[in-house]
Amino acid sequence: MYTISTEDFDLDYTLDCGQVFRWDKDVDWWTGVVNNAVARISQNPKTGELLVDSSLDEDFFYQYFRLDDDLPAIFEQINKDEHMDIAINKYRGLRLIRQEPWECLISYMLATASNIPRIKKNISMLSAMFGEELEDGLYSFPKAEDLASTCCDDLCECKMGFRTARIIKAANAVVTGDIVLDELFRLDYQDAKKELMSLEGIGEKVADCIVLFAFDKMEGFPVDTHVEKIVRTYYGDDPFFEGKATKTKIGNWGRHYFGKYCGYAQQYLFYQKRLEGLI
DNA sequence: GGGCCG
DNA sequence: GCCCA
């Protein structure tokens, strides 16, 4: 057990905002599986200090929770209007998480036409069937090899529907080296996205999520149905749109309007809508 | 624009 | 959401 002191970090917002699917809260403690290890974390509401029970060290969580991001500097960049001002003041401390590329890839492929409870269920079933048991009831996320070598019928137990075949294909692409995930760190935003979109089942939105959450591309601005509604409601008359604000136009607008940290802007708007609806 | 799997 | 018609 050890502590990590933090500033501008809210554990609840960060783990609850819908970017990660393997954490659950029980009273004051969040339990999750990350990097093949179990972690239990609670936050002192007064001091912001984290209490951590895990074999993973302080440096790991510093990276994982992006405590290296200068949040005040990021807010200064994205705080373009009263809507963002309200969101960042209300949910201050929400941070993006640096996810593991492989798990993030599969998680967001599963997110297609789904919802957070179901995505969580799918991933937990996937881990229980193909991962390693770390503690009773807690399993590591399966390796690409584990999923590539299974037959469709076994994977169907995980209730992933039409996503099943895509998951197997993606696992095979990773195992054969058809796509090398670590290489994507070296590519810029556009190229990394293009590479991901060569996989079946990955379009604009999913690719944006993956480059933003796993590959450090803060220009990712995923436009799902919620972000589309938010932007149309708050910013739909922006001259940039020249008419109807389509999803692709909204993505380009977000990158342009909020600048290089637009991924943070997207997450604050997204979380606010999930909790409050359109206001 | 409709089908896809729960 | 993605994909294909």
Side-chain angles (χ1 to χ4, degrees), chain A residues 17-22 96 99 101-130 142 147-148 150-174 178-179 181 184 189-215 217 219-233 236 241 243-255 262-263 265-267 269-271 273-274 277-278:
Chain A
C17 73
Q19 59 181 324
V20 283
F21 306 102
R22 299 212 78 203
L96 295 175
Q99 301 185 219
W102 163 248
E103 179 173 335
C104 185
L105 173 83
I106 297 303
S107 300
Y108 281 91
M109 288 183 78
L110 286 174
T112 296
S114 190
N115 54 68
I116 292 169
R118 181 150 91 110
I119 301 163
K120 289 181 77 165
K121 213 171 285 175
N122 288 150
I123 295 175
S124 122
M125 288 188 284
L126 211 50
S127 303
M129 279 188 76
F130 302 100
L147 298 187
T150 71
C151 74
C152 205
D153 287 348
D154 290 343
L155 265 181
C156 283
E157 306 282 321
C158 298
K159 311 288 179 199
M160 303 184 296
F162 60 82
R163 302 161 198 83
T164 307
R166 299 170 174 182
I167 299 294
I168 294 177
K169 282 183 187 170
N172 275 291
V174 167
D178 223 10
I179 185 165
L181 293 181
L184 301 189
Y189 165 69
Q190 289 295 348
D191 288 343
K193 200 168 150 182
K194 203 186 299 171
E195 181 74 8
L196 288 167
M197 286 173 66
S198 71
L199 295 173
E200 184 183 326
I202 299 190
E204 284 260 347
K205 189 268 176 181
V206 171
D208 256 345
C209 286
I210 299 169
V211 295
L212 173 63
F213 297 138
F215 291 103
K217 319 291 187 214
E219 318 96 296
F221 193 83
V223 183
D224 70 341
T225 164
H226 301 289
V227 172
E228 182 181 17
K229 286 194 179 99
I230 297 164
V231 173
R232 280 194 181 159
T233 305
F241 294 119
K244 192 176 162 38
T246 63
K247 281 201 164 97
T248 302
K249 276 194 202 172
I250 289 170
N252 292 331
W253 168 85
R255 271 159 227 125
C262 62
Q266 190 270 7
Q267 206 56 207
L269 292 174
F270 179 82
Y271 191 42
K273 178 176 185 291
R274 270 193 58 223
L278 293 173

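Computed from a predicted structure; not experimentally measured. Lettering of chains follows the sequences in order, A, B, ..., and the numbering in each one begins at 1.
- For A/Tyr108, the ring pair (Phe, Tyr, Trp, His ring centres under 6.0 Å) partners two or more places apart in sequence, or in a different chain, are A/Phe21, A/Phe213.
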Give every pair of a protein N or O atom and an N or O atom of nucleotides 3-5 of chain C that lie under 3.5 Å apart, one pair per line with the distance.
{"residue": "C/dC3", "atom": "OP1", "partner": "A/Gly201", "partner atom": "N", "Å": "2.6"}

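- Take A/Lys194 and apply the side chain to side chain donor-acceptor pair (under 3.5 Å) test, not counting sequence neighbours, and it matches no residue.
- In this structure, the side chain to side chain contact (heavy atoms under 4.5 Å, CB included) partners of A/Met129, at least two apart in sequence or on a different chain, are A/Glu157, A/Cys158.
- Residue A/Thr225 is in sugar-phosphate contact alone, with no base atom involved, counting any heavy-atom pair closer than 4.0 Å across all strands shown.
- Here C/dG1 presents its P atom at 15 Å from CG of A/Asn122, a figure rounded to the nearest Å.
- Shown here is A/Lys120, whose NZ atom has more than 12 heavy atoms of other residues, nucleotides or ligands within 6.0 Å.
- Qualifying ring pair (Phe, Tyr, Trp, His ring centres under 6.0 Å) partners for A/Tyr271, counting only residues two or more places apart in sequence or in other chains: A/Tyr13, A/Tyr91.
- A/Ala207 meets the side chain to side chain contact (heavy atoms under 4.5 Å, CB included) test with A/Lys193, A/Leu196, A/Met197, A/Ile202; sequence neighbours excluded.
- Contacts of A/Lys273 classified as side chain to side chain contact (heavy atoms under 4.5 Å, CB included), with partners at least two apart in sequence or in another chain: A/His226, A/Lys229, A/Ile230, A/Leu278.
- On the nucleic acid side, DNA chain B contacts chain A at distances under 4.0 Å to non-hydrogen atoms, with the end points of that region at B/dC4 to B/dG6.
- Rounding to whole angstrom units, CD1 of residue A/Ile106 and P of C/dG1 are separated by 18 Å.
- Contacts of A/Asn115 classified as side chain to side chain contact (heavy atoms under 4.5 Å, CB included), with partners at least two apart in sequence or in another chain: A/Pro117, A/Arg118.
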